[in-house]
Number of protein chains: 2
Amino acid sequence: MIGGWEDIRAEVLRRIRVRDWPPGDLIPTEEALAIEFGCARATVNRALRELAEAGVLERRRKAGTRVAMLPIRKATLDIPVIRQEIEARGQTHAFRLLQQHEGPPPVPVASRLGLPATARLIYLETLHLADGQPFVLETRWLNPAVLPAPLPDFAALSANEWLVTHIAYATGDIAFSAQTATAHEATIMGLSPHAALFITERTTWTAEAPITFVRLAHAPGYRVQTMV
Amino acid sequence: MIGGWEDIRAEVLRRIRVRDWPPGDLIPTEEALAIEFGCARATVNRALRELAEAGVLERRRKAGTRVAMLPIRKATLDIPVIRQEIEARGQTHAFRLLQQHEGPPPVPVASRLGLPATARLIYLETLHLADGQPFVLETRWLNPAVLPAPLPDFAALSANEWLVTHIAYATGDIAFSAQTATAHEATIMGLSPHAALFITERTTWTAEAPITFVRLAHAPGYRVQTMV
DNA sequence: GATCGCATTATGTGCAGACATAATATCCTT
DNA sequence: AAGGATATTATGTCTGCACATAATGCGATC
């Protein structure tokens, strides 16, 4: 029972796997495949487009479709709200606002946001707890110029959650790295001095202006998991 | 000039952003939107499907399409071959095979691969260098039962690259974490005793059987970067 | 021989109509 | 009132056709 675009995608993948179509090879045109599979070209197109998005195929107009030479695997991972992430583990979420003030950001932060170092930003330092244990230390700079007024009380409502419900669907970039805990972090989070922290850094933009830069320092044991 | 599915996607996003359609809200049906935008339903479908894949919308047959309550952001990142990654930085890649032997894997490895602890696997320990400096320590267990013979000389050809060209398009999962360097790792990579390593762990499967489990310990300073 | 322009071609996108599928809502029965 | 069969509805997918767009490669021109 063959016919759906998912069947076609599976068949194409199979041919690639068994090296019918080796890496770098040009595969038949959509029209040829449509005839072979006895379906419309749009159906073949749908299947091949999915595979191209997954990095398995490379497509160019006129040039045709070829099997990717070096299969740069693409992994997609979910970036949930912290509360949601903790509750998904069956733990209870709480947080404490440690610091809040307004002033010019450090130079690296300003440059990542593309703002002058003289810009006045809101700084928030929040510790998130899972079942009472330190889970992640959030240090955030907010650009008040682009935020809808009035700002909430960040001691009562995590900036994390206020943003996702008030700045819908912004873009940005995310970076992961590992860093040794600073003395300050070790103290706050109750860690040994040289603990390895998993760091997530995120810059968020509206179409025009930077909104926020956030650095999340995750306690040891934290993992980001993905299904390919 | 409105009409393409990308324009429709943009317009829907705009309405979500300005809270015309707040989170949790049911938006008009594809047919209604098609009439409003003066296009075919298939075009609206394409736009809404993309937004649903991005996690912005939630769609269910008959129930309709609603704006996602908690926008679980999805980030996609590229997982390149190590050599490629180093060369993309303009550095030269080299590697040294430190260990190779065959035997039963440690229990955690066996369980992640779904194999009995008595299985005989090939163990490889490889240090990858960027411009002569330790870049990443690769520890890998290979399942010889599912590998095409003959196996190459892993001292001459990195397992990393041999696999991508000989096991086309397998599936698997990836996990990222941070760990303090062990004494062994610190020595091999020339690090201070408590350096924070960025760890990538990857399990790879064919349709039926596990192929390999690999742990990559990246030298301090390593970052995984993403554009959302 | 080098360059520009044009025809060719494969993919990208669009449209109108149709049927499939899943999930809800409703009605009927007990 | 509870339960199950059925109608309804919104999305999911397919078809066949059309035109748009980009990139290649050929040929004409200088």
Side-chain angles (χ1 to χ4, degrees), chain A residues 1-16 20-69 71-72 74 76, chain B residues 1-16 20-69 71-72 74 76:
Chain A
M1 208 57 166
I2 290 177
W5 66 269
E6 289 184 289
D7 294 313
I8 293 174
R9 181 182 59 180
E11 172 61 15
V12 171
L13 256 182
R14 192 192 62 78
R15 293 188 185 181
I16 292 172
D20 254 6
W21 296 336
D25 206 43
L26 207 60
I27 75 172
T29 69
E30 291 186 347
E31 194 164 358
L33 289 174
I35 293 171
E36 185 196 333
F37 293 131
C39 68
R41 188 170 74 89
T43 309
V44 175
N45 178 281
R46 174 76 187 270
L48 298 188
R49 180 157 41 83
E50 295 263 329
L51 288 171
E53 271 167 27
V56 174
L57 295 176
E58 286 168 3
R59 321 195 71 193
R60 268 169 42 233
R61 276 169 161 143
K62 160 76 181 171
T65 302
R66 55 182 66 243
V67 181
M69 274 292 213
I72 294 190
K74 294 199 164 111
T76 55
Chain B
M1 208 57 166
I2 290 177
W5 66 270
E6 290 184 289
D7 293 315
I8 293 174
R9 181 182 60 179
E11 172 60 15
V12 170
L13 256 182
R14 191 192 63 77
R15 293 187 186 182
I16 293 172
D20 255 7
W21 296 337
D25 206 43
L26 207 59
I27 75 173
T29 68
E30 291 186 348
E31 194 163 359
L33 290 175
I35 293 171
E36 185 195 333
F37 293 130
C39 67
R41 189 170 75 89
T43 309
V44 175
N45 180 280
R46 174 75 186 270
L48 298 187
R49 179 158 41 83
E50 295 262 329
L51 287 171
E53 273 167 24
V56 174
L57 296 175
E58 286 168 4
R59 321 196 70 194
R60 265 170 45 233
R61 274 168 164 147
K62 162 77 181 170
T65 302
R66 53 181 69 243
V67 181
M69 274 294 214
I72 295 188
K74 293 199 165 114
T76 52

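So you know, we letter chains A, B, ... as the sequences are listed, proteins then strands, and number each from 1. Keep in mind it's a predicted model, so treat the numbers as computed, not measured.
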Check your understanding: Expressed in angstrom and rounded to an integer, what is the separation of B:R59 atom CZ from C:dA23 atom C1'?
Key -> 15 Å
Practice item. For A:E6, check salt bridge (Lys or Arg N to Asp or Glu O under 4.0 Å) against everything at least two apart and list the hits. Key: A:R9
Review point. Using a cut-off of less than 4.0 Å, is there contact between a side-chain N or O of B:R60 and OP1 or OP2 of D:dT11?
Key: no
Practice item. Only counting residues at least two apart or in another chain, list the ones meeting salt bridge (Lys or Arg N to Asp or Glu O under 4.0 Å) with A:E58. Key: none
Point to revise | Counterpart residues, side-chain hydrogen bond (donor to acceptor under 3.5 Å, both in side chains), relative to B:R59 (two or more places apart) | key: B:E30, B:T65
Practice item. May I have the distance from B:R66 (atom CZ) to C:dA23 (atom P), rounded to whole angstrom? Key: 14 Å
Exercise for review: Report, as a single string ordered 5' to 3', how protein heavy atoms within less than 4.0 Å touch nucleotides 16-21 of chain C: B base, S sugar-phosphate only, - not at all.
Suggested key: --B--B
Review point. Which heavy atom in B:L26 sits nearest to a heavy atom in B:A63, and how many Å separate them?
Key: CD1-O, 3.7 Å
Exercise for review: Return the value, rounded to whole Å, for the distance between atom CD1 of A:I8 and atom P of D:dT13.
Suggested key: 13 Å
**Study point:** Atom pair distance, as rounded to whole Å: CG in A:L57 and P in C:dG12
**Key:** 11 Å
Check your understanding: What distance do B:L51 atom CG and B:I27 atom CD1 have between them, rounded to the nearest 0.5 Å?
Key -> 8.0 Å
Revision key, fill the gap. Nearest heavy-atom contact between A:P23 and A:A68 is CB-O, 3.7 Å
Which pairs would a plain distance check flag for residues 32-40 of chain A, meaning a side-chain donor or acceptor within less than 3.5 Å of a matching protein atom at least two apart in sequence or in another chain?
from: A:E36; atom 1: OE1; to: A:R15; atom 2: NH1; distance (Å): 3.4
from: A:E36; atom 1: OE2; to: A:R15; atom 2: NH1; distance (Å): 3.4
from: A:E36; atom 1: OE2; to: A:R15; atom 2: NH2; distance (Å): 2.5

Revision key, fill the gap. Sequence neighbours excluded, the answer for side-chain hydrogen bond (donor to acceptor under 3.5 Å, both in side chains) partners of A:R14 is A:E11
Practice item. List in numerical order all residues of residues 44-51 of chain A for which some heavy atom is under 4.0 Å away from an atom belonging to DNA chain D. Key: A:R46
Check your understanding: What is the distance from atom CZ of A:R46 to atom CZ of A:R41, rounded to the nearest 0.5 Å?
Key -> 15.0 Å
Point to revise | Any A:T29 side-chain N or O less than 4.0 Å from OP1/OP2 of C:dT9 | key: no
Check your understanding: B:D7 has an atom CG; how far is it from atom P of C:dT13, in whole Å?
Key -> 12 Å
Study note, to complete from the structure: Looking only at heavy atoms, the pair that brings A:D20 and A:P22 closest together is O-CD, 3.4 Å
Check your understanding: According to a strict under-4.0 Å criterion, is B:T43 in side-chain N/O contact with OP1 or OP2 of C:dC15?
Key -> yes
Point to revise | Distance, rounded to the nearest Å, where B:E30 contributes CD and D:dT13 contributes P | key: 11 Å
Practice item. Using the test salt bridge (Lys or Arg N to Asp or Glu O under 4.0 Å), find all partners of B:E31 that sit at least two apart in sequence or belong to another chain. Key: none
Practice item. Describe, as an angle rounded to 10 degrees, how the axis at the first end of the helix from C:dG1-D:dC30 to C:dT30-D:dA1 is tilted relative to the axis at the last end, five pairs per end. Key: 10°
Check your understanding: Of all the choices, D:dA23, C:dA23, C:dT13, which nucleotide is nearest to the side chain of A:K62 once you look at every atom?
Key -> D:dA23
Practice item. Can you tell me the distance, in whole Å, between the CD atom of B:E58 and the C1' atom of D:dT11? Key: 15 Å
Study note, to complete from the structure: Rounded to the nearest 0.5 angstrom, the CH2-CZ distance for A:W21 and A:R66 is 13.5 Å
Point to revise | Rounded distance in Å - CD (A:E31) to C1' (D:dT15) | key: 14 Å
